[in-house]
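In what follows, chains are A, B, ... by sequence order, proteins preceding strands, each numbered from 1.
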Amino acid sequence: MELAKAYDPKAAEEDHYKRWEENGFFAPEINQDPKAVKFSIVIPPPNVTGRLHMGHALQHTLMDALTRWKRMQGFRTLWLPGTDHAGISVQRKVVEQLKKDEHKKPADIGREEFVRRAWAWKEQYGNTITEQMRREGASVDWSRHRFTMDPDLSRAVRNVFCTLYDEGWIYRGLRIVNWCPKDRTVLSDLEVKEETKKDGKLTYLKYPVKDSDRTVTVATTRPETMLGDTAVAVNPSDARYQDLIGKTILLPLTDREIPIIADEYVDAEFGTGAVKITPAHDPNDYQIGQRHDLPQLLIMNDDATMNAAAGPDFEGLDRFVARAKVVERFTELGLLEKVDDYGITLPICERCKTIVEPILSDQWFVKMDEMRDMALELAREKVPHFSPEVPHQKVYTTWLDNLKDWTISRQLWWGHQIPAWYDADGNVFVARTEEEAREKAGGRELTQDSDVLDTWFSSGLWAFSTFGWSGDTPVRGDADKSVRAPSDLDTFLPTDVLVTGRDIIFLWVSRMMMLTKKFVNKVAFDDVVVTGTVLGKDGKPMSKTRGNGVDPLEMFDKFGVDATRIYLASIATGADIKWNDIGLETYRNFANKIWNATRFCLMNADNSDVYASSDEVAGGSQFIADAEQTIADRWIISRLSKTAFAVNKALDTYQFHEAVSLLYHFFWDDFCDWYIELKKDQITSGDVAANTRIVWILDMALRMLHPFMPYLTEELWLKLPGSSSHLHNVAYSEAPATIMLADFPLGDAKLFDDAAESEMASVIDLIKKVRNIRAEMNISTAIKFTVHIAAAADVQEVFRANEAQILKLAKAERLVITDALDVPRASAKAVTNDAEIAVPLEGLIDFDVERTRLCNQIAKLTDEKTRLDGQLSNSNFVDKAPAEKVQELRGRQEELADQVETLQKNIESLN
RNA sequence: GCCGUCUUAGCUCAGUGGUAGAGCACUCGCUUCACACGCGAUAGGCCACAAGUUCGAAUCUUGUAGACGGCACCA
């Protein structure tokens, strides 16, 4: 069989995914082993508004690599896909569409129609990202795809809400919340980011004291809020204001009189020591207001314009216009003391970057104290365990420690409408259905709460709602047929690992831990792999506004899916990385290397024996007692086994980059550069045993690469002679042939062969030294020379056994293997750890070049020797260091001494 | 303000209490019958700086400088 000369990713990516999916390879049901252990991952559901970006590609690669790796080992594997309804994002898309197409506002069409259109939007555009995941090769079980607003997931949301309400963990209350005036909804603390403004202002306002000619100066960054002031506070022990406590302020621009109160919260050292108190627009002021029973005067509308309470001069003005006007009026009144420049950080809406306004509002909250304690208890036992552990384990625990209540209502139409109903008097009835609520209300007319729940409320249930938990009983016999018996919940929860970005550890990971524990009394997942951020070429996070984004799909087109995947997997776990195409080129080249190595093997493999059974194959047991093995064979099998062992260990500990590096160097350096070259003659001459063996090694290597490079490895593996389902893991013996169900090599310690590795090291060292002589002496490859080698008897044996290979790779004509060198003066010389080498070069040698070459070698060895001599003459070291270490260094010291001595003699012999 | 991370070859990054690694770039060779997306051979680093612990520190501790992240506060 002959392959194309270069690997074409597109051709390989074309059909395999469809075949895998249609054959049901992704579903756990493919596993026929009743005793199989499960392995499960739920995907962090991407937003339906999302398009695949590098962060997804990275996370999906890692999840897929783990899933494929476990699946090949015979685990009952499920990677569950799904999407999130993404409340605000979808709402915004639909609002935009409505405006663009029909010049209408949501209010014009009403809630019902709006929600209908949101669903239509979701149906039309919401599966962009799931289609893109197919391109990635993600081996998710599409038959179990979930959406956070699926009927059963929505039932779960209602049930959870009602239960938490009944138990007093959910409450409705008037609090200062983060209000986004653009989205016109409340946000949780986690959805508020900050922006540092250097050109902020601190404005000092003078408030006249009633029945006095004094004024009290207060400072503020938001002057317009003075219209909602209901007090001025000072520290009770502040001497400057003692006599004013209890007096009254005539609040300028209003006709209101407000008290001067004393409160410990006020820092006498800061600013003027007097603070304006606006209980409806500041969390601290709210607290003070509560303590002093102050009125709460709300002066803004939900779009951050001033309302009637701000007075007729200000009503209807935008907050920033009002701010300027307040300052202007104070100036006119002579009550503006000064305006200082003041660096300030402003809270902004995570999504639309609008400045968030703290306002007093009636909202729904989840009380976090018991949930927090539950999660903390687990966190102290390192559940879940984060990789990398530093810093996430600690950050997560600390965050939990300081957790505040969670604002869960949102003033949107798209989402899970809150299952609470009100009667005409405002009494609330929380129930699973409207009927139930009406029953509770004694049949009164009810109106449902118009708010929806925070998107993260439903994603917080993702770890169990996706497995069929709806909160209704019983779970078994659920109408949804995609929930299999025994129930997925029993089978797949706890999930094994969650792979996610650090930005949603609090928003999502923590809430899944808490809610899963609370409602299913299970741990949601044992491990959390936290991925780093793929940064743009400029070292900053990729973003549309910066224009530094890299589209994974473009990379797929340019370099291939497999190259992109394995490159992403080569990034150290949790580390940020600056994007560079060169990294991708490296792995594009690697893919081509794999292709061509296979091409070479297949050109000669027509006569290779197919192997008998999967057990023998994966363990390599058929090769253990193979009498025809050369040192190179034992060596490559040892290297293969050690690589397999190390790859499994690396994946076990989520060291994906380590696994990639091991495979890269095993395949390219050991297998291609040395093994194939050493075996070339045997292979091309049609040696059946040799061909069978090399195909086996290739087979094993392809299997280990498959989790990272699914398309290439499948394409090639199916072309190997004898690749068929009998090579599958026993759990999949009945499935059609595919590498994705082949047994994953674990690395058999019986095949570790240190003797072979050390012998090969001798051969490789020898060949390299001879090549060095040729290169440094500038001798054309056309000239075949004789290589003289002096070595101990056992080493001689190794060289003799590999004579043909040494001749070929060193481009030599003859080897003279002896106990001691006997060569003409005009020879180039070198030493290895266990041999002396000389190449007679009569007429070709430049004695100065040779002298320099030898001196350079001596210099290098002497550097090392000097260090060792010093270390070994230090009695502290010899006494205190482990004897083993001392022994090892002494051995090396002797070796070096010998080599330096030999090289010096060689130089002398030149003179 | 609190907590934390990073600083290693020209570039992008691994790594480890016991002789510094990779890919790319650079230099020098190669139409070697799988691959120029290749093959071979070199060169290149007092592992940010300072002090400490240790027989031994690039690795552990502390401090300094620079880059960055999270949280809190912001009258």
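- Between Lys593(A) and C39(B) there is a side-chain polar atom (N or O) within less than 4.0 angstrom of OP1 or OP2.
- Regarding contacts with the backbone of C35(B), every side-chain N or O of Asn589(A) stays at 4.0 angstrom or more from both OP1 and OP2.
- Among the nucleotides C37(B), G70(B), G40(B), the one closest to the side chain of Ala6(A) is C37(B).
- Ranking A75(B), C24(B), A41(B) by closeness to the Asp267(A) side chain, first place goes to A75(B).
- Candidate nucleotides C35(B), G38(B), U32(B) were compared by shortest atom distance to the side chain of Arg599(A), and C35(B) ranks first.
- Comparing atom distances between the Thr586(A) side chain and each of A14(B), C24(B), A75(B) picks out C24(B) as nearest.
- Using a 4.0 Å cut-off, no side-chain N or O of Asn580(A) falls inside it from OP1 or OP2 of C13(B).
- Note that Lys680(A) lies in the cation-pi zone of Phe600(A), set by a 6.0 Å cut-off to the ring centre and a 45° limit from the axis.
- With salt bridges taken as basic N to acidic carboxylate O contacts below 4.0 Å, one links Asp341(A) and Lys201(A).
- Ion pairing between a basic and an acidic side chain is recognised when a charged N comes within 4.0 Å of a carboxylate O; Glu864(A) and Arg867(A) show no such pairing.
- Looking at the side chain of Arg771(A), the nearest of the listed nucleotides C35(B), A41(B), U19(B) is A41(B).
- Here, A50(B) and G15(B) have their P atoms 25 Å apart, quoted to the whole Å.
- Taking 4.0 Å as the cut-off between side-chain N and carboxylate O, Asp282(A) and Lys276(A) do not count as a salt-bridged pair.
- In this structure, Leu202(A) reaches the sugar-phosphate backbone alone: every heavy-atom distance under 4.0 Å involves primed, P, OP1 or OP2 atoms, never a base.
- Distances shorter than 4.0 Å separate none of the side-chain N or O atoms of Lys558(A) from OP1 or OP2 on C37(B).
- A58(B) and C6(B) are spaced 15 Å apart, taking the C1' atom of each and rounding to whole Å.
- Rounded to a whole Å, the NZ atom of Lys10(A) is 17 Å from the P atom of C37(B).
- One C1' atom belongs to U54(B), the other to U62(B), and the distance between them is 16 Å to the nearest Å.
- With respect to the salt-bridge test (charged N to carboxylate O, under 4.0 angstrom), the residues Glu658(A) and Lys649(A) do not qualify.
- At the phosphate of C39(B), OP1 or OP2 sits under 4.0 Å from a side-chain N or O atom of Trp668(A).
- One finds a salt bridge joining Lys808(A) and Asp681(A) here, because a Lys/Arg side-chain nitrogen approaches an Asp/Glu carboxylate oxygen to under 4.0 Å.
- For the pair Asn856(A) and A43(B), the criterion of a side-chain N or O lying under 4.0 Å from OP1 or OP2 is not met.
- Distances shorter than 4.0 Å separate some side-chain N or O of His657(A) from OP1 or OP2 on G15(B).
- The environment of Lys784(A) atom NZ is dense: over 12 non-hydrogen atoms of other residues, nucleotides or ligands sit within 6.0 angstrom.
- C11(B) and G23(B) make up a base pair, with Watson-Crick or G-U wobble contacts both under 3.5 Å.
- Closest approach to the Asn596(A) side chain among C24(B), A34(B), G15(B) is made by A34(B) (side chain taken as heavy atoms from C-beta onward).
- For A14(B), its base never sits under 3.5 Å from the side chain of Gln655(A) at any donor and acceptor pair.
- Atom-to-atom, NZ of Lys880(A) to C1' of U54(B) comes out at 9 Å; the value is rounded to the nearest Å.
- OP1 and OP2 of C73(B) both lie 4.0 Å or more from every side-chain N or O belonging to Thr345(A).
- The gap from the P atom of U5(B) to that of G63(B) amounts to 12 Å, rounded to the nearest Å.
- Going from the C1' atom of U61(B) to that of U53(B) covers 7 Å, rounded to whole Å.
- Between C71(B) and C37(B), the distance separating the two P atoms is 47 Å to the nearest Å.
- Here C55(B) is the nucleotide among A34(B), A22(B), C55(B) with the atom lying nearest to any side-chain atom of Asn876(A).
- Phosphate contact (OP1/OP2 of A34(B), side-chain N/O of Lys5(A), threshold under 4.0 Å): absent.
- Side chain Lys680(A) to base A34(B): a donor-acceptor pair is found below 3.5 Å.
- Remark: Lys578(A) is in phosphate contact with U12(B), judged by side-chain N or O atoms under 4.0 Å from OP1 or OP2.
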